[in-house]
A.B. asks: 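Let me give you the structure first, and then I'll get to my questions.
Starting from 1, each residue takes its place in the sequence as its number. Whatever order the structure lists them in is the order used to number ligands and atoms, beginning at 1.
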Amino acid sequence: MCGIVGYVGEENASAHLLAGLSKLEYRGYDSAGIVTYFENSFQLFKTIGKLENLIKETDDGKLAGGSIGIGHTRWATHGKPSRENAHPHLGHRFALVHNGIIENEAEIKKKYLKGIDFKSKTDSEKVVWLLEKFVSEGEDVVSAIKHIMAELEGSYALGIMDLLNPDTLYAVKNKSPLLIGKGEGFNMLGSDMGAMLEKTNKFFEIADKEFAVITKDKIKIFTSYGKEIKKEPFEAHLDPEDIQKGAYPHYMLKEIEEQPSVIRRIIKEYSMPDGTLKINEKICNDIKKADKIYIIACGTSYHAALVGRVYFEKIAGKAADAFIASEFKTNMPRLSKKPIFIFISQSGETADMRAAFVNIKEMGYKSIALTNTPGSTLYREADHALLLYAGAEIAVASTKAYTAQLALLSIMAASVKNLIAINLKRELSLAANVIEGLCLEKEKYKLLAQEYLLEKDHCFYIGRGLDYYSSLEASLKLKEISYIHTEGFPAGELKHGPIALIEKGTPVIAIITQENINLNTRSNIKEVKSRGAKVLSVSLKGISSHKDSIVIDDVHEFLSPLVSIVPAHFLTYYAALQKGCDIDKPRNLAKSVTVE
Ligand code: M6R
């Protein structure tokens with residue numbers, strides 16, 4: 001979703017802004033802009049479409065002079081993608097970029113901004129004019145910032161520049177991610193550390209309802225009441241190399257193929273000196289003390305939560321349930337007496353997840369974060385944090401982070417039970433090897449995608465038990481990247497309705513990895529076949545049939561979701577490739593969904 005970057009220093013600001021914005025592209029956007037200060041005025045450039053348009057428009061940044069500036073990639077919410085609606089927005093004296101949603105935009109407009117000729121349809125432009133208004137009434141900039149914070153409702157990360165203080169950037173935050181990057185002779189701000197990582201790995205966190213005044217040598221952070229807060233910077237250990245595609249045509253393909261190494265990294269990070277895999281004792285004890293585990297997440301992370309629920313119940317013997325974050329917030333279930341909450345989020349910034357998180361934090365319950373992003377809001381604010389160690393995941397479609405989530409959840413469940421019955425280290429290593437083998441069969445998936453999915457408008461994934469959860473995840477992947485309408489169904493539920501959708505040639509992909517449901521799912525395959533479906537079955541070797549198109553080497557039954565999803569990743573990738581889709585940046589989607 002929208003991205004922010006800001007720079008104040010001695011070098012050409014536009015080069016750093018454009019470089020920073022290019023690192024935010026993966027989040028999804030439909031327009032981009034930068035503003036710099038040069039020779040007593042703002043130099044504003046905005047374009048719709050890809051960042052390369054902005055790079056061209058600024059002649060690679062050369063046309064925007066100056067050593068201070070702010071930039072933005074916009075993912076439209078209020079107002080269509082257009083040059084006018086793109087950020088930065090200018091008032092008379094201020095320039096502003098905004099991520100988030102101002103919920104009381106209409107009230108603000110009515111109360112304070114009558115008669116203003118707005119140039120855009122955005123809520124963000126109202127903020128710059130609100131600032132102008134308070135300053136024009138005699139407030140200094142800092143007082144006006146405190147004043148707008150008191151007035152604005154909703155989520156906002158703001159980057160602000162002032163024509164009359166052209167050596168200063170202002171950063172303001174509530175509910176939307178924003179960090180300050182600390183450099184030598186320069187400072188930056190960004191909605192994502194990736195935007196600043198080439199320049200610095202030291203960051204200051206700004207909490208909700210705080211703001212910062214940033215010059216090239218100083219960073220001062222304040223509460224919304226104006227009290228200065230002393231903070232220490234933290235260091236991030238993300239490798240900027242991770243953010244490169246290398247020889248791969250798409251990040252998605254690179255990330256699919258990184259899954260074996262991600263599992264091996266998790267094994268390394270969670271290995272104890274005695275050779276077993278365990279999570280931290282304190283976290284384990286907190287889970288043991290709880291009477292029920294509530295796992296909360298969105299999208300792919302929610303599908304990992306569904307598998308996690310089974311791990312906690314079957315491996316650890318603990319009551320557990322999984323919830324979609326936005327639904328949990330809207331319709332919170334009656335909680336058990338001693339609940340503990342696990343929040344799963346690759347980015348650690350997803351707004352729906354955070355809204356549920358803030359609720360349970362206010363209720364005083366303990367939380368554990370599973371995230372891939374050290375330094376993210378979830379990582380910083382949860383009582384405990386466990387890292388996924390998947391490396392930067394850039395493609396919008398989550399692949400390697402999902403496998404990492406499953407691997408880590410299995411380690412958590414086994415740790416809670418002190419389980420040595422399963423040699424988890426060996427079983428996870430085996431799963432990594434099996435995935436490596438699957439990655440060697442790309443030609444086969446390419447042909448299967450062509451045979452089963454090309455020129456199809458609908459597709460169904462089916463499975464039972466853990467395979468049903470894999471079906472949900474596989475269908476999410478296929479729909480988001482290839483735009484083929486795909487649903488995941490419990491195989492046993494088909495006959496209760498969805499089977500009506502099966503026609504001659506409808507692709508049905510069946511996942512069969514559990515011995516206890518093998519025969520049942522195979523009967524469901526017969527049901528759809530007899531109604532004309534074109535069935536592609538994926539099974540584990542031990543329970544395979546000669547009719548299965550994809551047979552995966554055996555892994556421990558609990559770990560089958562880690563391997564059975566990989567053919568689905570490849571089928572999705574090749575289906576999208578054959579259809580000519582924008583694989584890493586699918587339409588309408590954003591990597592980090594920072595609005596509710
Ligand atoms: O960063 P998160 O794990 O919180 O993201 C949650 C979902 O937005 C995300 O998994 C989304 O469903 C992916 N695009 C799926 O590929």
Side-chain angles (χ1 to χ4, degrees), residues 1 3 24 26-28 75 176-177 191-194 250-253 255-256 259 262 295-308 322-329 341-358 367-379 381-382 385-388 390-406 408-409 461 469-470 472-483 486 488 565-566 568-569 571-573 576 581-596:
M1 289 209 149
L24 297 176
Y26 77 97
R27 294 168 66 109
W75 189 82
S176 289
S191 49
D192 185 318
M193 349 177 146
H250 298 100
Y251 282 109
M252 185 179 176
L253 187 60
E255 290 161 7
I256 294 173
Q259 291 179 93
V262 168
I295 319 175
I296 299 175
C298 310
T300 288
S301 299
Y302 167 66
H303 297 151
L306 289 168
V307 175
F323 296 88
I324 291 177
S326 53
E327 287 301 308
F328 183 85
K329 191 196 155 195
F341 291 83
I342 298 178
F343 289 86
I344 309 181
S345 173
Q346 185 282 129
S347 61
E349 302 291 359
T350 303
D352 287 322
M353 175 278 304
R354 185 166 148 72
F357 172 80
V358 169
S367 56
I368 304 168
L370 259 65
T371 180
N372 197 30
T373 317
S376 62
T377 310
L378 180 65
Y379 178 86
E381 295 185 352
L386 293 169
L387 282 174
L388 298 171
E393 190 182 66
I394 306 292
V396 164
S398 187
T399 53
K400 61 176 180 170
Y402 175 69
T403 339
Q405 289 163 350
L406 299 182
L408 183 50
L409 284 161
Y461 268 95
Y469 303 144
S470 303
L472 289 177
E473 174 54 13
S475 77
L476 175 64
K477 282 298 86 91
L478 189 58
K479 70 176 80 130
E480 71 180 329
I481 304 303
S482 74
Y483 316 139
T486 315
I565 198 63
V566 177
H569 287 160
L571 289 173
T572 294
Y573 176 78
C581 301
D582 191 349
I583 292 184
D584 287 333
K585 296 182 210 118
R587 70 183 179 210
N588 305 340
L589 294 178
K591 182 67 182 166
S592 184
V593 185
T594 49
V595 292
E596 275 181 61

A.B. asks: What are the atoms of ligand 1, with element, lying closer than 4.0 Å to any heavy atom of S301?
C.D. replies: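 Reading through ligand 1 atom by atom, the close ones are 2 (P), 3 (O), 10 (O).
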A.B. asks: Just so I know, are the side chains of E349 and L378 near enough to count as touching, which here means a heavy-atom distance under 4.5 Å?
C.D. replies: no
A.B. asks: Any side-chain heavy-atom pair from V262 and T403 closer than 4.5 angstrom?
C.D. replies: no
A.B. asks: Quick check: T350 and ligand 1, any N/O pair under 3.5 Å apart?
C.D. replies: yes
A.B. asks: Quick one: does V396 get a heavy atom under 4.0 Å from ligand 1?
C.D. replies: yes
A.B. asks: Would you say that T399 contacts M252 through its side chain, given a criterion of any heavy-atom pair below 4.5 Å between the two side chains?
C.D. replies: yes
A.B. asks: Should K591 be counted as touching ligand 1, given the test is an N or O pair under 3.5 Å?
C.D. replies: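 There is no such contact.
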A.B. asks: Tell me: protein heavy atom nearest atom 8 (O) of ligand 1, and distance?
C.D. replies: V593 CG2, 4.0 Å
A.B. asks: Can you check whether Y461 reaches T486 side chain to side chain, under 4.5 Å on heavy atoms?
C.D. replies: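 Answer yes - side chains close enough.
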A.B. asks: Among E393, K591, E473, H569, whose side chain to side chain donor-acceptor pair (under 3.5 Å) with S398 holds?
C.D. replies: E393
A.B. asks: For a 4.5 angstrom cut-off between non-hydrogen side-chain atoms, does L409 reach L370?
C.D. replies: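 A side-chain contact exists here, since the closest heavy-atom pair is under 4.5 Å.
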A.B. asks: What atoms of ligand 1 come within less than 4.0 Å of a heavy atom belonging to A397?
C.D. replies: 16 (O)
A.B. asks: Judged by atom type as modelled, is there a donor-acceptor pair below 3.5 Å linking the side chain of S301 to the main-chain atoms of A297?
C.D. replies: no
A.B. asks: In terms of residue, atom name and distance, what is the protein heavy atom nearest to atom 1 (O) of ligand 1?
C.D. replies: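 Residue, atom and distance for the closest contact: S347 OG, 2.6 Å.
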A.B. asks: Distance under 4.0 Å to a non-hydrogen atom of S345: what atoms of ligand 1 satisfy this?
C.D. replies: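 Result: 1 (O), 2 (P), 3 (O), 4 (O).
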A.B. asks: Between E349 and ligand 1, find which residue part has any heavy-atom pair under 4.0 Å and reply side chain, backbone, both or neither.
C.D. replies: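 Within the 4.0 Å criterion, E349 makes no contact with ligand 1.
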A.B. asks: What do you reckon, does I344 have a nitrogen or oxygen under 3.5 Å from a nitrogen or oxygen of ligand 1?
C.D. replies: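 In fact, backbone or side chain, I344 has no N or O that close.
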A.B. asks: Can you find a pair of side-chain heavy atoms, one from P586 and one from Y483, that are under 4.5 Å apart?
C.D. replies: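 A side-chain contact under 4.5 Å exists here.
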A.B. asks: Could you tell me whether the side chain of D584 reaches within less than 4.5 Å of the side chain of V396, counting heavy atoms only?
C.D. replies: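 Sidechains of D584 and V396: no contact.
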A.B. asks: S398 heavy atoms, cut-off 4.0 Å: which ligand 1 atoms fall inside?
C.D. replies: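 Near S398, the atoms of ligand 1 are 15 (C), 16 (O).
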A.B. asks: If you have a sec, work out which protein heavy atom is nearest atom 11 (C) of ligand 1 and how many Å separate them, to one decimal?
C.D. replies: T300 N, 4.2 Å
A.B. asks: Counting non-hydrogen protein atoms only, what is the nearest one to atom 6 (C) of ligand 1? Give residue, atom name and distance.
C.D. replies: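 The protein heavy atom lying closest is C298 O, 3.3 Å.
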A.B. asks: At a 4.0 Å threshold, what atoms of ligand 1 neighbour a non-hydrogen atom of K477?
C.D. replies: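 Checking each atom against K477, I get 15 (C), 16 (O).
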A.B. asks: Can you tell which part of E480 has a heavy atom less than 4.0 Å from ligand 1: side chain, backbone, both or neither?
C.D. replies: side chain
A.B. asks: Is any side-chain heavy atom of F328 less than 4.5 Å from a side-chain heavy atom of F341?
C.D. replies: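 When only atoms from C-beta onward are counted, F341 and F328 do touch, with a gap below 4.5 Å.
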